[in-house]
Amino acid sequence: MKEQAVNTVAANGFSRWENTSDDIAEEQSADLARVDQMGLAQQERLSKNYMLVCLINAGTPTREAITRAGLSITESAARKLYKRFERSGISGILDRRFGREKKRKQLVLTTNIKKRILAWFFARPAAGPKAIWKEITKECLENNERVPGYDCVKKYIRSLPEAYELFRKGKIGVHDWERSFRPVIRFNLATYSNQRWQIDNTRLDISVRVLREGVWVASQAHLCACICEHSRSIPGIFLSARDPDAWTTSLLIMNAVTKKENPDWKNKGCLVSCSPIAVRHS
């Protein structure tokens, strides 16, 4: 009878343990996401945490287990992770930060308030951030809206583009914009070297002596030069005491396409095609 009673008690104890373990497994499976529902980062962190737990169970020192698991945590964090595993199983070492929905912060400067700030900004060109903030405060209190702080309004005004400030100044700002901030479209008609040249003439701030009818006379020096539009190199130059005209330009082109006396000249002047070039005299 005693043996039968002992066996009955043992069977009842085993059944209670089995039921308890089943309940725990159900709770863990309900909390634990499937592997296919986890991201790669979450799977990697879970595998490292489980490796850390297995190493500690095997008697590996905590610091060595952290290094072998490839984690960058402290020994205190590793011990807490192991305690969570003993208490909750796999779900205790699962990193819950992944997939957690972030709470959206309520925006103080809503789209409507930004529009009102811009309206007062353009309507009162002499008003500063403090005066604009006071007007916005009055409107928000009348409409039962959240009042933004003065620093928020001030930072928003300072973050506005430079064009807004110029437009606010009126004609003076428009003049400054056309002079300094107006967009410039840059384009290049050449795609390789010596495809297109640009020629220009200029007066030099020096005088030269020219032999005229057997007499050396002082004369103004003019420089005629061309530049490759693609490589920005100089194919040739021509110095003359004569005023720039078609003749000096022709001599320049002839000097640029012929072989240079200096072997170190970068641009050899092998022009592929010649197109009409506007010559500007200055």
Side-chain angles (χ1 to χ4, degrees), residues 114 117-118 121-129 155-282:
K114 289 181 179 180
I117 293 174
L118 288 177
F121 179 77
F122 292 119
R124 300 289 186 269
K155 289 180 180 179
Y156 176 70
I157 293 175
R158 288 186 175 180
S159 65
L160 294 176
E162 185 69 22
Y164 285 23
E165 187 68 31
L166 295 174
F167 180 76
R168 190 188 188 197
K169 293 180 181 179
K171 293 183 179 180
I172 299 177
V174 172
H175 177 71
D176 293 341
W177 178 80
E178 291 180 349
R179 185 178 61 182
S180 304
F181 298 95
R182 189 172 186 176
V184 178
I185 300 176
R186 302 183 182 275
F187 62 94
N188 193 354
L189 299 176
T191 57
Y192 52 88
S193 298
N194 292 331
Q195 182 184 8
R196 187 181 180 89
W197 289 349
Q198 295 177 358
I199 301 176
D200 197 4
N201 299 280
T202 183
R203 288 191 298 269
L204 300 179
D205 296 332
I206 59 174
S207 60
V208 295
R209 291 195 304 168
V210 182
L211 182 61
R212 291 178 180 173
E213 299 179 356
V215 181
W216 291 97
V217 295
S219 178
Q220 178 71 46
H222 296 270
L223 178 65
C224 185
C226 61
I227 184 172
C228 177
E229 189 171 324
H230 182 76
S231 63
R232 314 307 295 175
S233 58
I234 306 296
I237 60 174
F238 184 74
L239 183 64
S240 173
R242 161 178 189 165
D243 293 335
D245 54 8
W247 177 251
T248 56
T249 304
S250 301
L251 293 176
L252 166 67
I253 296 175
M254 184 181 66
N255 186 22
V257 299
T258 54
K259 187 177 180 180
K260 308 295 188 301
E261 297 181 0
N262 185 1
D264 296 332
W265 198 286
K266 299 297 181 182
N267 194 324
K268 304 303 181 183
C270 299
L271 184 62
V272 176
S273 61
C274 186
S275 58
I277 302 173
V279 180
R280 181 173 59 87
H281 302 285
S282 59

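Note that the structure is predicted; figures quoted are calculated from it, not measured.
Contact between Val217 and Arg212 at its shortest, heavy atoms only, is CG2-CD, 3.7 Å. Here the shortest heavy-atom pairing between Tyr192 and His230 reads O-CB, 3.3 Å. The two atoms that bring Lys260 and Ala256 nearest to each other are NZ-O, 2.7 Å, heavy atoms only. In plain terms, the two heavy atoms of Ala190 and Gln195 that are nearest each other are CA-OE1, 3.3 Å.
A heavy-atom distance below 4.5 Å is found between the side chains of Val210 and Val208. No side-chain heavy atom of Ser231 sits less than 4.5 Å from a side-chain heavy atom of Lys266. Here the side chains of Glu165 and Leu160 are not in contact, with every heavy-atom distance at 4.5 Å or above. Residues Thr248 and Arg242 have side chains in contact (heavy-atom distance under 4.5 Å, counting atoms from C-beta outward).
Applying the salt bridge (Lys or Arg N to Asp or Glu O under 4.0 Å) test to Arg124 and every residue at least two apart in sequence or in another chain returns nothing. With sequence neighbours excluded, the residues that form a ring pair (Phe, Tyr, Trp, His ring centres under 6.0 Å) with Phe122 are Tyr164, Phe167.
Applying the salt bridge (charged side-chain N to carboxylate O under 4.0 Å, His left out) test to pairs two or more places apart or on separate chains, those with a residue in residues 219-237 are Arg196-Glu229.
Counting only distance, with no hydrogens or angles, the side chain of Asp200 and the backbone of Ala225 share no donor-acceptor pair below 3.5 Å. When atom types are taken as modelled, the side chain of Thr258 and the backbone of Met254 share a donor-acceptor pair closer than 3.5 angstrom.
Checking each of Cys226, Ser193, Ser233 against Asn267 for a side chain to side chain contact (heavy atoms under 4.5 Å, CB included) leaves exactly one that passes, namely Ser233. A side chain to side chain contact (heavy atoms under 4.5 Å, CB included) with Phe238 is found for one member of Leu223, Ile199, Leu252 and no other, namely Leu252.
Rounded to the nearest 0.5 angstrom, Leu204 CG and Ser240 OG are separated by 10.5 Å.
Residue Trp265 qualifies as enclosed at atom CH2: its count of foreign heavy atoms under 6.0 Å is above 12.
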